[in-house]
Amino acid sequence: RAKRAGKGTWVVYEDSMGEAAAEQLTLEQDVRDALRNREFFLAYQPVCDAASTRVLGFEALIRWRHARRGAVPPSVFIPAAERAGLIVAIGDWVLEAACAEAAGWPAPIRVAVNFSPPQFLLPDLCDRVRAVLRRTGLDASRLDVEVTEGLALADADIVLQNMRGLREMGVRISLDDFGTGNSSLSYLCRFPFDKLKIDRSFVLNLGDDDGSRAIVSSVLSLGRSLRMTVVAEGVETSLQLQALQCDQIQGYLLGRPLTPDQARALLAQQATLAAAA
Ligand code: C2E
Ligand code: MG
Ligand code: MG
Ligand code: MG
């Protein structure tokens with residue numbers, strides 16, 4: 001049996017592979033084609049100051065609209081890209097595109113870029129980042145790199161070296177989806193993070209769940225004592241916002257992921273309001 005897997009490429013499957021495995025392979029092939037054909041683009045979600053709700057920066061989020069599949073969420077195609085060994089190439093593209101866009105925003109508006117764990121294993125990660133900053137003209141102090149707990153602690157040496165190198169350049173590092181992994185606390189001890197992003201699963205039940213409230217307030221005091229900025233992800237309701245004591249907030253209540261044009265318009269509007277005040 002053969003399936004068409006993108007322009008001019010045919011992949012032959014063993015019957016024994018099963019439908020699911022075959023579909024994974026087609027997906028990986030489609031991701032490879034998407035990278036080559038420049039089908040990826042970025043959306044920018046506002047990150048706001050919790051007290052004033054002013055926009056402090058944006059998180060760059062990758063998007064992919066495939067001719068047959070439609071919009072494929074990153075939670076589906078990023079793992080496929082990792083399996084196919086394409087994540088470093090995609091990561092390079094995301095970083096370059098996000099920094100180029102952010103270089104056009106007024107300082108000190110920041111941009112946050114998600115890195116996959118394999119990117120932190122690259123021996124030349126700092127050189128790559130430095131080259132992108134030089135090419136795009138973005139100051140290192142306006143870049144945040146976000147990473148989840150997928151980092152293997154077994155590779156702690158190279159990961160630590162890369163984190164220290166990035167921070168020496170002035171880049172800040174955020175621990176994303178905090179609380180969802182099973183090693184959150186050991187990560188905090190081993191690696192130097194500037195920011196903690198509380199996963200939205202905890203924010204979701206803030207309004208009416210004592211457990212979530214207790215966890216969020218504990219993470220806050222933990223972050224404070226470790227001198228980290230604490231960000232709440234996934235804030236959707238004003239009830240959740242009122243229940244939060246974080247430094248920064250992100251979520252549909254403050255803003256959905258935007259097109260580059262919409263992000264620029266939001267910044268222009270904010271500047272106009274500030275000038276009028
Ligand atoms: P993340 O880094 O934790 O990004 C936040 C995700 O939550 C985004 O989903 C965003 O659209 C969504 N979100 C934000 N506010 C709300 C809200 O109020 N309610 C709800 N229900 N969702 C909200 P998205 O864009 O689908 O991305 C999912 C994940 O994919 C990201 O989670 C990140 O881990 C990964 N990802 C996205 N872009 C990239 C990228 O360029 N590179 C890599 N390696 N991973 C990426
Ligand atoms: Mg993130
Ligand atoms: Mg997150
Ligand atoms: Mg996430």
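Read the numbers this way: they start at 1 and go in the same order the structure lists the ligands and their atoms. All values below were derived from every heavy atom in this structure, side-chain atoms included, with hydrogens, water molecules and symmetry-related copies excluded.
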Closest candidate by heavy atom, reference atom 30 (O) of ligand 1, pool Gly251, Pro73, Pro74: Pro74
Among Ile62, Leu254, Asp199, Val113, closest by any non-hydrogen atom to atom 40 (C) of ligand 1: Ile62
Same apolar cluster: [X] and [Y], side chain cutoff 4.5 Å:
X	Y	result
Val111	Phe41	no
Val47	Val230	no
Tyr44	Tyr252	no

For the Mg ion (ligand 2), the closest N/O/S atom belonging to Glu59: OE2
Where on [X] is there a heavy atom closer than 4.0 Å to ligand 1, on the side chain, on the backbone, on both, or on neither?
X	result
Lys197	neither
Pro257	side chain
Arg256	neither
Asp177	side chain

Pairing of [X] and [Y] as salt bridge, 4.0 angstrom limit:
X	Y	result
Arg227	Asp194	no
Glu39	Arg63	no
Arg110	Glu146	no
Asp177	Lys197	no

N/O/S from Asp177 sitting under 2.8 Å away from the Mg ion (ligand 2): no
Glu233 N/O/S atom closer than 2.8 Å to the Mg ion (ligand 2): no
Salt bridge (charged side-chain N to carboxylate O under 4.0 Å, His left out) pairs, two or more places apart, involving residues 244-264: Glu101-Arg264, Arg224-Asp247, Asp261-Arg264
Test item: Arg142 side-chain N/O and Trp105 main-chain N/O as donor-acceptor pair under 3.5 Å: yes
Could you tell me whether [X] and ligand 1 have an N or O pair separated by under 3.5 Å?
X	result
Asn114	yes
Gln250	no
Asp176	yes
Glu236	yes

Metal site angle (apex the Mg ion (ligand 2)), OE1 from Glu146 and OD1 from Asn114, 10 degrees: 90°
Close aromatic pair by centroid cut-off 6.0 Å: Phe193 and Phe178: no
Element-labelled atoms of ligand 1 that are located less than 4.0 Å from some non-hydrogen atom of Gln45: 14 (C), 15 (N)
Numbered atoms of ligand 1 (with element) below 4.0 Å of Ser116, judged on heavy atoms: 44 (N)
Name of whichever N/O/S atom of Asp176 is nearest to the Mg ion (ligand 3): OD1
Polar side chain donor-acceptor pair, Ser116 to Glu82, under 3.5 angstrom: yes
